[in-house]
Structure formats: structure tokens, C-alpha cells
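All remarks here apply to the structure that follows.
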Amino acid sequence: MQEKFLKPYNPEEVERDIYELWDKSGFFNPDNLKDIDGENYCIVMPPPNANGRLHAGHGTDMTLKDILIRFNRMRGKKTLLLPGSDHAGFETQGVYEKKLQKEGRSRFGMEREQLYKEIYDFVMENKHVMENDVRRLGVSCDWSRNTFTLQEDVVSRVQDTFVKMYEDGMVYRGLRSIHWNPKFQTSLSDIETDFVEQKDPFFYFQYGPFVIGTARPETKFSDKYVVVHPDDKRYLDFKHGQQFDVEWINGPITATIIKDEAADPEMGSGAMTITPWHSAVDFEIAQRHNLAIEQIIDWNGKLLPVAEEFAGMKIGEAREKIVEKLKAKGLLVRVDEDYVHSVRVCERTGVVVEPQLKEQWFVKMKPLTDMALKTLDSGDYKFITKQHESIFRHWMSNPVDWNISRQIVWGIRIPAWFKDGQIKVSKNSPGEGWVQDPDTFDTWFSSGQWPLLTLGYPSGDDMKFYPTAVMETGADLVFKWVPRMIMFGLYLANQVPFKDIYFHGMVLDAKGKKMSKSKGNVLSPIELADEFGTDATRMSFVVANPPGANMPLSKDKVRAYKKFANKIWNIARFVIENTEEVDFTKRAELLPEDETLLVRSKELAVEVAGHIDAYRMDLAADKLYHYVWHEFADKILEESKPIFTSNDDELKLSRQRVVYELFTSSLKMLHPFMPFVTEEIWQSLPYKECELLMVARWPK
RNA sequence: GCGCGUGUAGCUCAGCUGGUUAGAGUGCUACAUUGACAUUGUAGAGGUCCCAGGUUCGAAUCCUGGCACGCGCACCA
């Protein structure tokens, strides 16, 4: 008996060496998988952002993917789990700006190249830390194919896509309403913003013969148009285009009546004034009627000279003062103090975004979403969780053109050039005097092409892995990443990049609350692995985590699976101890009752495989746990004790053989879930079919 | 406002297309055990399957309505 089995299982002593053993074997790389009887099986890992460490969500994500990969590798498929990292443009630059701030510096006024280089070095450093975290979790990905979104060939191909889209009329440059983050000085797309409910005073002002309501008086300076619904009986006397004089904030102005169905007669007085520069809806109305448009708030969130005495004030300050002034003028009708509404904020920074008009590059979404829905209807890809399919369909049916211009440095530069009001799109400068667009692409523009980029589109060898088997990711990406990959896949390669889409739940804390740094309830997968071992951590991510549901996680749960790892360890000790004298190289018949045990084990293998194929890793793991502990250990091994000490050699030998066989089968089945302890035991087995459990065959 | 989902033991969850007495883990209680086991084993307590109707020989499961919770979208003059 090897000495190590006399002590409890100690993950710390084995995990690093075992990972190295796998890595050195070369079997993470499908090109080295010999003796293959199956087809290609590929999963592309979502590129974790290269700006930080892994959290419990990543842990779940990677564990589930690794289970699928290890299982299919053992089944004889040519498996590729493709790692990479995302530059995560806006997010990373935000992280770096905080660092600058601490050092008393600012990105504003820094040379573009200098800032880029500093962030690059910062990210490269973090990238290695993050990649080591991935190794700690036992993820069997092919590091030789590791991809970063800002490596040269990726950048070049992302720019190719843009050029192609421009030539195909799929992108356009236009002055449109965008979401502006005044603190970080960049525009954002819809999906990078959230709504936060908030209570504000709501003001009603006398505006000539009308009473108009607003929560944002500071935008109202140049509101020269009153919009009413064409059917609103109260305003039938007013004609469209009719003008009248109004005493307003800074004196008398001339107002014009606009009749448009956008006005809701149910809402307040049914009359509203509009601020096209700072409202997407108002901008649409203005465009329909060809109305004058004027900017009121500048890019820093301060009022412009049009506000006269209020010019240069910040929004909050100006709001109060303007209300005071209107009140003094007798134009304040009433105030509703309890007005609850939702304000759009930047998802990353929480900064309230200001709608602004800006010339940006937009992707035409309608043709892409139509294509995506059509192929979904025809069954080219499917959602494992029906509720997500509904959400996806709903979202795809109401597409909004996608703003892909970002006013940040950390990203892929848009290959567009300007000269005297002309635009040219090309990767290289069209000639003298042309100035390149300073903007970079929205990060989702590159990560949306991730499966294509990592597999070498358009002509790389690895395109044989395209389309990949499954996209397994967090439900929060149902609008962000997944639709974009589907659309780019269809647009560029005529094929959706994966067959199945499977959303796992968010990992919550023990009380069912969202984990967040500010709440201090974050469980790091690495710290859990330090305390309980990676195998236990992996199991706790999987069990009771069905597709599409959120999962609370507590240390107690991880501790339970640490005990399980130790149980397996002791089973190994017992089995090896009691079968040492058996010569397994010689074949022999089993007694009928032992044959029955073998049949039961094979049935389990089929059942577990079925669960994994149906993406019910939670059920598969639970079944295995129950079998190994309460059937194999509690019943079979207990029954075997008297047999092992008996003098009936036939009975004894048959039982020794079957116990050994059942144990090795169990190790195989457990391996995708708990790779370290099973491989470590496998390495100590006196008789085995192959050197590495990782590439052993799944029991048939 | 529109849409999606969830509700089963103290806690976390299984329970597929209806079919005996509703299950597991964890927690709790009692007893046993130095053993392959920094423990483990055996046993036990613990349930109005959210509520109300309906379909059915039979409902945790299917249908309708309600309640509670979670999430998404939209509006936000």
C-alpha cells in the first residue's frame, strides 16, 4: 500500500502536479488525440475579461464546459476547448482609469499611444494571473490555441469584417441619438446601460395656453414646439404648425404646435414640449416634422450658452435654479414630489447617461435579426432552456440599430478615414490628408465574432470545428454576446457558430443574493479551491444547478463535497488493499451475482451519459455521488468485507475482480466532474487500460 | 404597462410524457463505531407539494384563476 493513502486526501499536494501531467501529455490539443473513433467536438470559452481574477460565475461556467469536454474526450471525440481573453474595452479602461486616479493622473491629456501601452502592460500582467486561475480549476483547454482579442491577426480580421459590412451597406455613419457617459466621455449601446428606479420631483409649468410636465426643466430652454395628439379633443382648436408667443425661462419665445401621435392624451395635460437633442423619442418626432434641433447640455454635463445665465452650471444645480426662476415668474403650476421613474445609467460605472446626438457608426440590425430568427425557426440551432428562447425571440423582434463607436483608446481602431467631409473605409490610409476615425469598436463587435476569430475564419484549418457543439454561458449574456455571435456567424460564415445554447444560472450567495464586491459576499473559486480542493469546488458548482435557474452557494456545500473526495480516496485505499494479490492481466469468469453488479454499473454509465447529453450535469453528478457513496461503498464494499476474509477462493476472486472493475468504472464516470482526485488515484492503480484517466474510455 | 420564470422537508433541490406509502443532499435527534474513512454507519423526527376551482378512475404533475417572489423589456412629457 502506498503511503499517501494512509493520510486523508490532500488536494493541495496533488493538483498542481496532476495539471502539469495533463498539460505535458499534449492531450488538451485535439491534434494529439490518437485512436479517434468519433467526430469533432469543440467549445469556445467565453473570453474572460483580461482585467481581473475569476469569480464564482466563471467557476461555474468553466466547470460545466470542462465536464462536457472531458466527457466527450473520454467518449473518443476529438475535443477542443478553446481558451482566450477579451480586452473588454470600456470596462478595462475604466479599471485602469481608477488606477490612474489613485496615482493622481488622468487619461485626459495623455497621448493615445502612451495610454494604450500602459493599459496593454497592465492587462498582460493580469492575463497571466487569470490564466493560472483557469488552470487551478482543472480546465482542460488547449493553451496552444490561446487567443487574445487585441492580437494582430484578430484586429486585422475584425477590421475586415467592418470593411465588408460597409461595402454591403450593413453599417452606416449617422447623426443619431446615443447614450453618452459624461464622466467617461464615451457613447454606449443600449445593452451597456441599465435602468435604475428613482424618485424625483415632477414639475408642471404654464407654457402659453398649455400646461406641460417635466422632470428635467434644465433641458427646456429651446423647447419651441408643443406636441399634442391629433385626436385630442382639448386641442382641436389648435392647428398643426400654428404659432403663438410664450413667456418662458429667459423671456418670450415663439412656439409652434405640432400634431403627432407620439403624444399620449392620457398623460397629464396631453401636451408636451420636446428636446430632440437630449431624447431619442423627441429626436424622432423632430425628424418626422423637420424641426430645428439644438444642443442644451454639453459633453461634460454642463449647460451651454443657450441657457444664458445658467450656462456652465451642472444639471443638478441648474434644475433647482431654473425652477426657482419659473416659480418667481408665476409659471410653476404645481410639483408632484413623489414621481417614480427609471433613469438610464451606465451599466459599468453607474453614471447617469445623457442622451446626445452624435455622428457614430451603426450596424443595421433588422436584416441580421431577421436572419437569426429565420434560422432559429428552421431548427439550425436551439435553446436548451425554453424560457430563454422566448426572451431571445422577443428581443430579436425589436431590434435597435447598434452603435459601435466608442470614444476610448483601449480597443480595435475603426478603419474609417475622414477628409473634408468625405468618408473612406479601408484598413490603410487612403492617402495624404486623410485622418483616421479616433474611435474604437464596441467590445461586443469583436467578441461577437469570437468563435470565428478563434477558429481561424476565413480559411484556417480549425474551421473544421465550426460550428461548435454548444454555447454554454451565463443567462446575462442572452442579449449581449449570444445574439451577436449568431448574427456574425450567419453573416460571415452562413452558419450559426453553435448547435445548442445552454444558459446556466447565476451563482448567488447562501442567502440567494447576488454576489458583489460591495456586499462582501463574493466567494472566489480559487479561495474555495484552496480551502476545500478544486474537485469539491467543481462539484458544488454543478450539483443542484439545473439549466436556467440561479444557484445559491455556501461553504457548507463545498465542504460536503470535500468529504466526498476523501471518501473516494478511502475507497481507493480499501480497494487497492484488498485486491493487491490479484493478477488482472488474466481474464476470468465472474460469478452471476457479481455479473449483476457489473450490469448495474453499466446501466448507470448509460444513465449518466444521457444526463450529460441533455445538459443535466446537475443530475449526472448527483447520481454518481449517490451511487459511489451509498451503493458502492455502503452496500457493495460492506458486503465484500466478509468475502475478502473468507477462504472461498472462487467467491473471493470473483468479488475482487468485480470490485476493482466497478471502482475503475466509477473513477471514469467521476473524472469529468472531479478530475484531480480521480486522476491521482488512477496514477496509483496497479492495473489500468491506459496511463492517463483523462483519455481513458467512458464505460460502455 | 407587456413578457418570461419560480413556488415540494428548517435550508438547497430531484420528481420525465398524470399511476402504490412524495424523494435526495444538508441541517437536526438518538444509538453504534478507531474502522478502508481528520470520521463513518444505522435509525428517527420533519411535508396542506403556495391557494382556489376544473379535467380524470386517479393530480405535486395537465387546464383556468388568484397570491407571493425573481427576472427581462418598454415607458418615463
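All values below were derived from every heavy atom in this structure, side-chain atoms included, with hydrogens, water molecules and symmetry-related copies excluded. Protein chains get the first letters and strands the later ones, always in sequence-line order, with residue 1 at the start of each.
A:Ala633 comes within 4.0 angstrom of a nucleotide base, judged by non-hydrogen atoms across all strands. A:Ala614 comes within 4.0 angstrom of nothing in the nucleic acid, heavy atoms only. Nucleic acid contact for A:Arg616: sugar-phosphate only, since backbone atoms but no base atoms lie under 4.0 Å from a heavy atom of the residue. Among the protein residues, A:Val281 comes within range of the sugar-phosphate backbone only, with heavy atoms under 4.0 Å from sugar or phosphate atoms but none that close to a base. At a threshold of 4.0 angstrom between heavy atoms, the contacts of A:Leu619 are confined to the sugar-phosphate backbone, with no base atom among them.
With B:rA14, B:rU42, B:rG25 as the choices, the nucleotide that has an atom nearest any side-chain atom of A:His630 turns out to be B:rG25. Side chain of A:Ile571, nearest nucleotide from B:rG15, B:rA36, B:rC75: B:rA36. Considering only side-chain atoms of A:Phe195, the nucleotide from B:rG41, B:rC75, B:rG15 that sits closest is B:rC75. Nearest nucleotide to the A:Asn566 side chain, out of B:rA38, B:rA74, B:rU40: B:rA38. Which of B:rG41, B:rA24, B:rU26 sits closest to the side chain of A:His626 comes down to B:rA24. Of the listed nucleotides (B:rA38, B:rA36, B:rG15), B:rA36 has the atom at the smallest distance from the side chain of A:Leu637. When distances run from any side-chain atom of A:Ser342 to the nucleotides B:rC75, B:rU42, B:rA36, the shortest one goes to B:rC75.
OP1 or OP2 of B:rU40 has not a single side-chain nitrogen or oxygen of A:Asn570 nearer than 4.0 Å. For B:rA36, the OP1/OP2 oxygens have no side-chain nitrogen or oxygen of A:Tyr9 closer than 4.0 Å. Applying the 4.0 Å criterion to OP1 and OP2 of B:rC4, one finds that A:Trp395 has every side-chain N and O outside that range.
Once rounded to the nearest 0.5 Å, the distance linking CD1 of A:Ile568 with CH2 of A:Trp629 reads 9.0 Å. Here the straight-line distance linking atom CD1 of A:Ile258 with atom CZ of A:Phe238 works out to 13.5 Å at 0.5 Å rounding.
Mapping A:Lys567 and A:Phe203 onto RNA chain B by nearest heavy atom places A:Lys567 closer to the 5' end of the strand. Checking A:Val400 against A:Arg216, the closest nucleotide of RNA chain B that is more toward the 5' end is the one next to A:Val400.
One atom, CE of A:Met617, and another, P of B:rC13, lie 17 Å apart when rounded to the nearest Å. One atom, NE2 of A:His611, and another, C1' of B:rG15, lie 11 Å apart when rounded to the nearest Å. Between A:Asp194 atom CG and B:rC71 atom P there is a gap of 12 Å when expressed in whole angstrom units. The separation between A:Ile576 atom CD1 and B:rA36 atom C1' is 11 Å, rounded to whole Å. When the P atom of B:rG72 is taken as reference, atom CZ of A:Arg344 falls 14 Å away, rounded to whole Å. Protein atom CD of A:Glu638 is 13 Å distant from nucleotide atom C1' of B:rA32, rounded to whole Å. Atoms CG (A:Asp264) and P (B:rC75) sit 13 Å apart, rounded to a whole Å. Protein atom CD of A:Glu631 is 14 Å distant from nucleotide atom P of B:rA24, rounded to whole Å.
Aromatic ring centres of A:Phe310 and A:Phe221 lie closer together than 6.0 Å.
Judged by atom type and distance alone, A:Lys7 does not reach the base of B:rA38 through any side-chain donor-acceptor pair under 3.5 Å.
With P as the reference atom, B:rG1 and B:rG53 are 28 Å apart, rounded to whole Å. Between B:rA45 and B:rC31, the two C1' atoms lie 15 Å apart (nearest whole Å). The separation of B:rG47 from B:rG54, taken at their C1' atoms, amounts to 25 Å, rounded to a whole angstrom. Taking the C1' atom of each, B:rG23 and B:rC49 are spaced 12 Å apart, rounded to whole Å. Nucleotides B:rC71 and B:rG27, compared at atom C1', are 30 Å apart to the nearest Å. The same atom, C1', is picked in B:rG66 and in B:rG44; the two are 39 Å apart, to the nearest Å. Comparing the P positions of B:rA22 and B:rU26 gives an interatomic distance of 22 Å, to the nearest angstrom. Distance noted for atom P between B:rG7 and B:rA43: 30 Å (whole Å).
Across every strand in view, B:rG41 sits in a pair with B:rC31 that passes the Watson-Crick or G-U test at under 3.5 angstrom. Pairing of B:rG25, defined by two Watson-Crick or G-U wobble distances under 3.5 Å, is identified with B:rC11. Here B:rA74 sits opposite no nucleotide as a Watson-Crick or G-U wobble pair (both hydrogen-bonding atom distances under 3.5 Å). Across the strands present, B:rA36 finds no partner; the criterion is a Watson-Crick or G-U wobble pair with both atom distances under 3.5 angstrom. When both pairing distances are held under 3.5 Å, B:rU20 makes no Watson-Crick or G-U pair with any nucleotide shown. The base-pairing partner of B:rA68, taking Watson-Crick or G-U wobble contacts with both distances under 3.5 Å, is B:rU6. Of all nucleotides present, none satisfies the Watson-Crick or G-U wobble test against B:rU55 with each distance under 3.5 Å.
Between A:Tyr9 and A:Trp569, the two ring planes are tilted [angle within 30° to 60°]. Under the 30°/60° scheme for interplanar angles, the aromatic rings of A:His630 and A:His626 are found to be tilted.
Contact detail for A:Ser279 and A:Pro355: the closest heavy-atom pair is N-CB, 3.9 Å. Scanning all heavy atoms of the two residues, the minimum distance from A:Val246 to A:Phe244 falls at CG2-CE1, 3.3 Å.
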Checklist entry - Does the side-chain contact (heavy atoms from CB on, under 4.5 Å) test come out yes or no for A:His278 and A:Gln356, once each step is laid out? => result CA-CA 5 Å; A:His278 301 289; A:Gln356 293 273 13; 3.2 Å; yes

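A glycosidic torsion no more than 90° from 0 defines the syn conformation, and B:rA38 adopts it.
Side-chain N/O atoms of A:Glu247 and A:Gln206 include no donor and acceptor closer than 3.5 Å.
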